[in-house]
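Report on the structure given below.
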Amino acid sequence: QSRKEVVGRAEELLDFALLTRLKDTQAKSLSGGQNMLLQIVRGFMNRSLQLYVMDEPFAGVHQSIKGIILKSIKMMNDEKGVTFLIISHEMPTISTLCDKVTVLAKGELIAEGTMEEIANEPQVIDAYLGG
């Protein structure tokens with residue numbers, strides 16, 4: 001890829017993440033949510049990306065930024081076939097995003113399936129709600 005192509009891709013991704021107005025700002029000066037968006041779109045610069053692992057990408061971010069993160073995940077999955085492994089405790093968000101959910105507790109697999117299938121599993125309730 002030429003420098004022009006790489007810069008064009010970066011500008012496209014900054015625009016998608018609504019960060020274009022901040023393109024000359026140092027990353028350390030961005031808010032937590034803006035920094036999360038920057039990290040996510042930075043990963044999208046890799047054109048051969050097949051698997052993206054995200055650890056708590058929605059934690060502590062404003063709803064508007066959360067919406068952009070969700071939109072970017074859906075777009076990259078639908079249009080580019082990128083698989084996402086998302087570690088999150090935000091079950092409502094995960095249920096809208098994922099077809100398959102795997103639940104671990106203390107490093108052990110305790111449930112796997114659709115959100116509907118795992119939501120009423122006694123082990124899941126015990127592990128996450130202290131039931």
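Side chains included, hydrogens not; waters and symmetry mates left out as well; all remaining heavy atoms used. Residue indices begin at 1 and follow the sequence shown.
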| query | What closest approach, in Å, do Val103 and Ile118 show between heavy atoms, and which atom pair accounts for it? | reply | CG2-CD1, 3.7 Å
| Quick check: are there more than 12 heavy atoms from other residues, nucleotides or ligands sitting under 6.0 Å from CG of Asn120? | no
| said: Applying side chain to side chain donor-acceptor pair (under 3.5 Å), can you list everything that pairs with Arg42, at least two apart in sequence or on another chain? | reply: none
| Within 6.0 angstrom of Asp99 CG, more than 12 heavy atoms from elsewhere | no
| Shared hydrophobic cluster, Met91 / Ile87 (ILVMFWY, side-chain heavy atoms < 4.5 Å) | no
| request: State whether the side chain of Glu117 and the backbone N or O of Thr114 hold a donor-acceptor pair below 3.5 Å, judged by distance alone. | output: yes
| task | Side-chain contact test, heavy atoms from C-beta onward, threshold under 4.5 Å: evaluate it for Arg9 versus Gln1 and give yes or no. | result | no
| Minimal non-hydrogen separation, Val41 against Ala17, with atom names | CG1-CB, 3.8 Å
| message | Is the shortest side-chain heavy-atom distance between Ile94 and Met115 below 4.5 Å? | response | yes
| message | Using modelled atom types and a 3.5 Å cut-off, is there a donor and acceptor pairing between side-chain atoms of Asn35 and backbone atoms of Lys28? | response | no
| Tracing side-chain links under 4.5 Å among I, L, V, M, F, W and Y, which residues wind up in one group with Val7? | none
| query | Going only through I, L, V, M, F, W and Y residues with side-chain contacts under 4.5 Å, is there a path from Ile73 to Leu85? | reply | no
| Checking side chain to side chain contact (heavy atoms under 4.5 Å, CB included) for the pair Lys23/Glu11: CA distance, chi angles, key distance, verdict? | CA-CA 8 Å; Lys23 72 179 184 178; Glu11 288 175 347; 4.2 Å; yes
| request: Please step through side chain to side chain contact (heavy atoms under 4.5 Å, CB included) for the pair Phe44 and Lys80, ending with a clear verdict. | output: CA-CA 10 Å; Phe44 294 158; Lys80 306 291 184 189; over 6 Å; no
| query | According to the interplanar angle, ranging from 0 to 90°, do the rings of Tyr52 and Phe84 count as parallel (below 30°), tilted (30 to 60°) or perpendicular (above 60°)? | reply | parallel
| From Thr25, Ile68, Leu38, Leu13, residue fulfilling side-chain contact (heavy atoms from CB on, under 4.5 Å) relative to Leu19 | Leu38
| Which pair of non-hydrogen atoms, one from Ala119 and one from Ile125, has the smallest distance, and what is that distance? | O-CG1, 3.9 Å
| message | Treating Gln34 as the side-chain partner and Ser31 as the backbone partner, does any N or O pair qualify as donor plus acceptor under 3.5 Å? | response | yes
| request: Using the rule that two of Ile, Leu, Val, Met, Phe, Trp, Tyr join whenever any of their side-chain heavy atoms come within less than 4.5 Å, decide whether Met75 and Ile69 are in one cluster. | output: yes
| said: For Gln26, is the CD atom crowded, meaning more than 12 foreign heavy atoms sit under 6.0 Å from it? | reply: no
| task | Under the side chain to side chain contact (heavy atoms under 4.5 Å, CB included) rule, what do Ile110 and Leu104 come out as? Steps first, then yes or no, please. | result | CA-CA 6 Å; Ile110 61 171; Leu104 302 174; over 6 Å; no
| Under 6.0 Å from the CD atom of Glu5, do we count more than 12 heavy atoms belonging to anything else shown? | yes
| request: Hey, could you give me the CD/NE2 distance between Glu56 and His89, rounded to the nearest 0.5 Å? | output: 5.5 Å
| message | Determine whether Phe58 and Leu97 satisfy the following criterion, side chain to side chain contact (heavy atoms under 4.5 Å, CB included), listing intermediate values before the conclusion. | response | CA-CA 12 Å; Phe58 315 111; Leu97 197 56; 4.0 Å; yes
| remark: Between Gly43 and Leu49 the two heavy atoms that sit nearest each other are O-CD2, 3.7 Å
| field | Sub-4.5 Å side-chain heavy-atom contact between Met45 and Val6 | value | yes
| said: If I compare all heavy atoms of Pro57 with all of Met36, which pair ends up nearest, and what's the gap? | reply: O-CG, 3.5 Å
| said: Just verifying a value: how many Å separate Leu37 CG and Ser72 OG, rounded to the nearest 0.5 Å? | reply: 7.0 Å
| task | Taking side chain to side chain donor-acceptor pair (under 3.5 Å) as the test, write out the residues that go with Glu90, two or more places apart. | result | Lys66, Thr93
| query | Short question: side chain of Asp15, backbone of Thr20 - any donor-acceptor pair under 3.5 Å? | reply | no
